[in-house]
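Position 1 is the first residue of the sequence; numbering continues from there.
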Amino acid sequence: MSIPVIRASQSLNNVRYEIRGKLARRAHEMERLGYEIISLNIGNPGAFGFRTPETMRLAMIENLASAEGYCHQKGIFPAREAVVMQQQNRGVREVTAEDVFIGNGVSELIDLCLRGLLNDGDEVLVPSPDYPLWSAAVTLNGGRAVYYACRPENGFVPDPAEMAALVTPRTRAIVLINPNNPTGAVYPRETLLAIARLAEQHKLVVFSDEIYDEMTYDGAESIPMATLVHDTLCCTLSGLSKIWRACGYRVGWAVFSGRREGAGEYLQAIELLSSLRLCANVPGQWAVQTAIGGYQSIKDLVRPGGRLHASRAAIIAGVARSKYLQLTPAPQGAMYSFIGVRPDVVPHFDDQSFAMDLLENRHVLVAPGSSFNVPYRTHFRITHLPLPDMLDEVFRRLEDQLDAHVQASQGAVAGSAAPLTLKAVR
Ligand SMILES: Cc1ncc(COP(=O)(O)O)c(C=O)c1O
């Protein structure tokens with residue numbers, strides 16, 4: 001008797017999220033066999049000992065008794081009101097709690113916002129490289145991601161003129177990720193202004209993913225897109241996961257600003273979709289007001305002497321020591337480096353097979369650049385979350401693997417992919 005095959009929906013055919021894909025599954029398998037893997041593929045601060053500010057935990061515990069029922073589909077009022085104040089402090093005027101939607105992380109809101117907007121074949125301008133959830137959510141909702149390049153030689157900053165040339169009658173929205181994951185670029189004001197004018201000219205919705213907004217280095221300034229977009233709808237997305245190191249709380253927010261006349265039907269669609277999933281995680285929402293108010297501990301982590309600053313410095317130094325790697329420019333924001341392998345010294349480099357070799361042979365897990373929807377295969381992304389000592393060890397292993405790769409491609413070393421015995425990493 002033949003076994004009936006249960007097929008997945010065809011809507012998933014082109015949906016990819018490789019950061020948690022084949023490589024991550026292999027790393028997990030190796031860990032179960034007892035290997036110690038240094039996982040640099042996911043921006044999960046808690047996994048590297050970063051803690052959520054204590055007061056947020058206290059706020060949640062204090063309010064647990066008020067968190068047992070469903071709340072309003074848009075989120076609890078104190079959380080939405082706190083987000084309004086945060087926006088006001090950043091110079092965003094004319095938003096009220098009515099314009100704020102709280103979701104189970106920015107991830108859920110990305111899906112809701114696109115699902116409420118797109119019809120089959122609608123186009124969305126998405127950065128390349130991107131945070132791949134954006135591409136996946138566009139595709140899942142019947143849209144087509146049209147990529148605008150953020151090239152290494154331009155500091156990973158997009159070119160608004162190139163973006164303008166990609167707009168068609170089917171274009172509905174522009175996605176910005178600033179500060180950027182995976183590149184760490186922080187966009188200059190002139191670039192953001194030009195993108196704002198482009199969106200206004202074509203009445204495109206601007207989705208500005210600013211989840212890393214307060215994670216900047218060397219005086220880089222992260223400018224809220226909502227302060228620049230006035231004559232079209234702007235949706236700013238952020239949440240507790242990164243700045244407040246609370247990704248397990250699953251709390252994010254979407255704030256609608258700019259021109260809301262004419263957007264009523266769309267905003268009602270988002271409210272309908274929010275109602276269909278009843279509400280976001282309520283206990284986590286009680287931490288929002290405490291998070292947003294008062295002193296921001298992220299400042300201590302990103303300033304000179306802070307842990308994220310030190311890890312970023314270790315990465316910059318590791319790349320500078322390498323014969324093979326380049327990082328231009330150094331990341332100005334967020335908590336990732338998108339590291340390039342110099343094509344002049346490493347011929348035939350393939351990011352996917354290199355990442356697998358690195359995992360199998362050196363027990364380090366990185367995210368290949370092509371997972372972020374770029375057309376080239378010369379980059380990989382690592383997080384800045386480990387301590388500098390561990391990053392130094394990572395760069396030793398990267399260099400060893402690249403030495404082996406180069407020697408193997410010169411035919412000098414046979415069997416360079418044989419597993420090595422590694423010393424324990426603290
Ligand atoms: C740019 C960007 N947007 C959104 C998310 C999703 O965050 P959340 O934990 O709020 O779902 C991430 C997570 O890494 C991210 O890097």
Item to check | Any pair counted as ring pair (Phe, Tyr, Trp, His ring centres under 6.0 Å), so long as it reaches residues 93-122, sequence neighbours left out | outcome: Phe101-Phe256

Checklist entry - Mind checking whether Phe354 and Phe349 have parallel, tilted or perpendicular rings, split at 30° and 60°? => result tilted

Next on the checklist: Just checking Ile6: does its CD1 atom have more than 12 heavy atoms from other residues, nucleotides or ligands closer to it than 6.0 angstrom?
Outcome noted: no

Next on the checklist: Within the 3.5 Å criterion, strictly below it, is a donor on Tyr147 or Ser135 matched to an acceptor on the partner's side chain?
Outcome noted: yes

Checklist entry - Taking atom CG of Asn154 as the centre, does the number of heavy atoms from other residues, nucleotides or ligands within less than 6.0 Å exceed 12? => result yes

Checklist entry - Under 6.0 Å from the NE2 atom of His348, do we count more than 12 heavy atoms belonging to anything else shown? => result no

Next on the checklist: If you apply the rule side-chain contact (heavy atoms from CB on, under 4.5 Å), what do you find for Trp244 with Gln296, and how did you get there?
Outcome noted: CA-CA 9 Å; Trp244 294 279; Gln296 296 297 313; 3.0 Å; yes

Checklist entry - Is it true that a side-chain atom of Thr232 and a backbone atom of Leu204 form a donor plus acceptor pair closer than 3.5 Å? => result yes

Checklist outcome for this item: Scanning both residues in full, the closest heavy-atom pair of Cys279 with Asn104 reads O-ND2, 4.1 Å

Checklist entry - Taking 4.0 angstrom as the limit, do Arg151 and Glu162 come out as a salt bridge? => result yes

Checklist entry - Is the side chain of Asn180 donor-acceptor paired with the backbone N or O of Ala185 at a distance under 3.5 Å, no angle test? => result no

Checklist entry - Yes or no on side-chain contact (heavy atoms from CB on, under 4.5 Å) for Leu166 and Glu123, after CA distance, side-chain angles and deciding distance? => result CA-CA 10 Å; Leu166 298 172; Glu123 295 171 4; over 6 Å; no

Next on the checklist: Looking at Tyr70, I'd like to know if its OH atom is crowded, meaning that more than 12 non-hydrogen atoms belonging to other residues, nucleotides or ligands lie closer than 6.0 Å.
Outcome noted: no

Checklist entry - For Tyr336, does its backbone N or O pair with a side-chain atom of His384 as donor and acceptor, under 3.5 Å? => result yes

Checklist entry - With no hydrogens and no angle check, is any side-chain donor or acceptor of Asp99 less than 3.5 Å from a backbone partner on Thr96? => result yes

Checklist entry - Does the side-chain contact (heavy atoms from CB on, under 4.5 Å) test come out yes or no for Val126 and Val146, once each step is laid out? => result CA-CA 6 Å; Val126 175; Val146 175; over 6 Å; no

Item to check | Pairs satisfying salt bridge (Lys or Arg N to Asp or Glu O under 4.0 Å), at least one member in residues 230-240, at least two apart | outcome: Lys203-Asp231, Asp231-Arg259

Checklist entry - Under 4.0 Å between a Lys/Arg side-chain N and an Asp/Glu carboxylate O for Arg277 and Asp111? => result no

Item to check | Salt bridge present between Glu29 and Arg25 (N-O < 4.0 angstrom) | outcome: no

Checklist entry - Less than 4.0 Å between a side-chain N and a carboxylate O, is that true for Glu98 and Lys74? => result yes

Tabulate below the donor-acceptor pairs under 3.5 Å that side-chain atoms of residues 41-56 make, not counting sequence neighbours, or state none.
from  : atom 1 : to     : atom 2 : distance (Å)
Asn41 : ND2    : Ile19  : O      : 3.1
Thr52 : OG1    : Arg245 : O      : 2.7

Checklist entry - Do the rings of Tyr217 and His309 sit parallel, tilted or perpendicular, given the 30° and 60° boundaries? => result tilted

Checklist entry - Around Gln88, counting heavy atoms of other residues, nucleotides and ligands shown, do more than 12 lie under 6.0 Å from its CD? => result yes

Next on the checklist: I want to check something: taking the side chain as every heavy atom from C-beta on, are Ile110 and Asp209 in contact at a cut-off of under 4.5 Å?
Outcome noted: yes

Item to check | Donor-acceptor side-chain pairing of Asp213 and Ser222 below 3.5 angstrom | outcome: no

Next on the checklist: Is it the case that the side chains of Glu210 and Ser208 hold a donor-acceptor pair, with the cut-off being a distance below 3.5 Å and no angle test?
Outcome noted: yes

Next on the checklist: If the threshold is 4.0 Å, N to carboxylate O, is there a salt bridge linking Arg250 and Glu108?
Outcome noted: no

Checklist entry - Parallel under 30°, tilted from 30 to 60°, perpendicular over 60°: which one fits the rings of Phe207 and Tyr266? => result perpendicular

